[in-house]
Asks: 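Here it is, the structure in full.
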Amino acid sequence: MKKKLIAGNWKMNGSAAANDALVRAVIAGIADDSSCAVAVCVPAPYLAQVQMLRAGSALEVGAQDVSAHDKGAFTGEVSAAMLKEFGVRYVLVGHSERRQFHGETDVLVADKAKAALAQGITPIVCVGETLADREAGKTEEVVKRQMAAVIHTNGHCISEIVVAYEPVWAIGTGKTATPEQAQQVHALLRAQLTAATAHPDRISILYGGSMNAANAASLLAQPDIDGGLIGGASLKAPDFLQIIAAARAARV
Ligand code: 13P
């Protein structure tokens, strides 16, 4: 049975002191229970710190972005090989904040996923519709288009990625998709991925968007929700740990 994955996305938050306290509390909370995979995706300057703090624990480290290029004149970018040197296991790719504020296209997102896979780092590919898309009845069309680009570029490696369905209107708004709304999109993403791989058992689709201690259990109980990508609630150890507890309790 596939483990659920709970990944925190700290976004542009943290400080050396705050990270130290947060990571220590999370590690103490997960103890040696590895029934659910747990990761924190941290700002690049803190990768070394978190990598040191997590040593010997089940907590995995993730980054929040990666360059599509191997190396060269790309000021400000960080390559997958560099992330690898810091023990990075996951990298977020195509988060809606990158698509929105940095103009990342479906093709670039797909190329970034490929660059991560080439270094053995699991890309967590984020897809999701805006409120305008949803209201126009375009949810399915948008998420399928975003997913299709990644499938097209990554071919038979597609079962090695993790997908995160993050409806843009639910991110940081306190407005969560209902379990039924999320399940509906997860099911269509699973069908799309299943058609593209010989290893459908490896597909992992996380939900993200105002997931918290109170709503995690009902979301994680849905048959096609394999875990969560947590923003705000991952910055508070007790909240993050409650979501992890909900994932451990949920059926797989
Ligand atoms: P929130 O949990 O703060 O809504 O953020 C979700 C998210 O964007 C995770 O990547």
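The analysis underlying the following values was restricted to heavy atoms, covering all of them including side chains, and did not include hydrogens, waters or symmetry mates. One-based numbering, in listed order, for ligands and for the atoms of each. Along the sequence shown, the residues carry numbers beginning at 1.
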Asks: Regarding ligand 1, does T173 bring an N or O atom to under 3.5 Å of one of the ligand's N or O atoms?
Replies: no

Asks: Could you name each residue pair satisfying ring pair (Phe, Tyr, Trp, His ring centres under 6.0 Å) that touches residues 91-143, not counting sequence neighbours?
Replies: none

Asks: Tell me whether A233 reaches ligand 1 (any heavy atom closer than 4.0 angstrom to a ligand atom).
Replies: no

Asks: Before signing off on this row, confirm whether G172 and ligand 1 have an N or O atom pair separated by under 3.5 Å.
Replies: yes

Asks: Should we say atom NE2 of H152 is surrounded by more than 12 heavy atoms from elsewhere, each under 6.0 Å from it?
Replies: no

Asks: Quick test: of every protein heavy atom, which one is nearest to atom 2 (O) of ligand 1, and how far off is it to 0.1 Å?
Replies: G231 N, 2.9 Å

Asks: Where is the nearest protein heavy atom to atom 7 (C) of ligand 1: which residue, which atom, and how far?
Replies: E166 OE2, 3.1 Å

Asks: Is any NZ, NE, NH1 or NH2 atom of the basic residue among R202 and E160 found under 4.0 Å from an Asp or Glu carboxylate oxygen of the other?
Replies: yes

Asks: Side chain, backbone, both or neither: which applies to I171 and ligand 1 if a contact is any heavy-atom pair less than 4.0 Å apart?
Replies: both

Asks: What atoms of ligand 1 come closer than 4.0 angstrom to any heavy atom of K11?
Replies: 5 (O), 6 (C), 7 (C), 8 (O)

Asks: Between Y165 and E129, is a side chain to side chain donor-acceptor pair (under 3.5 Å) present by the stated rule, with each step listed?
Replies: CA-CA 9 Å; Y165 169 55; E129 82 287 4; 2.8 Å; yes

Asks: Could you tell me whether E104 and R98 make a salt bridge, using a distance below 4.0 angstrom between a side-chain N and a carboxylate O?
Replies: yes

Asks: Atoms of ligand 1 less than 4.0 Å from G209 heavy atoms?
Replies: 4 (O), 6 (C)

Asks: Specify side chain, backbone, both or neither for A170, according to which of its non-hydrogen atoms lie closer than 4.0 Å to ligand 1.
Replies: backbone

Asks: Tell me: protein heavy atom nearest atom 3 (O) of ligand 1, and distance?
Replies: G232 N, 2.8 Å

Asks: Work out which heavy atom in I151 is nearest to a heavy atom in A196; give both atom names and the distance.
Replies: CG2-CB, 3.6 Å

Asks: Give yes if a backbone or side-chain nitrogen or oxygen of H95 is under 3.5 Å from a nitrogen or oxygen of ligand 1, and no if not.
Replies: yes

Asks: Looking only at side chains, do D133 and T139 share a donor and an acceptor under 3.5 Å apart?
Replies: no

Asks: Quick check on contacts: which atoms of ligand 1 are under 4.0 angstrom from a heavy atom of S210?
Replies: 1 (P), 2 (O), 4 (O)

Asks: State whether a side-chain donor-acceptor pair under 3.5 Å links Q64 with Y90.
Replies: no

Asks: Listing request: all salt bridge (charged side-chain N to carboxylate O under 4.0 Å, His left out) pairs with a residue in residues 203-230, at least two apart in sequence or in separate chains.
Replies: K2-D226, R190-D224, R190-D226

Asks: Could you list which atoms of ligand 1 come closer than 4.0 Å to a heavy atom of L229?
Replies: 9 (C), 10 (O)

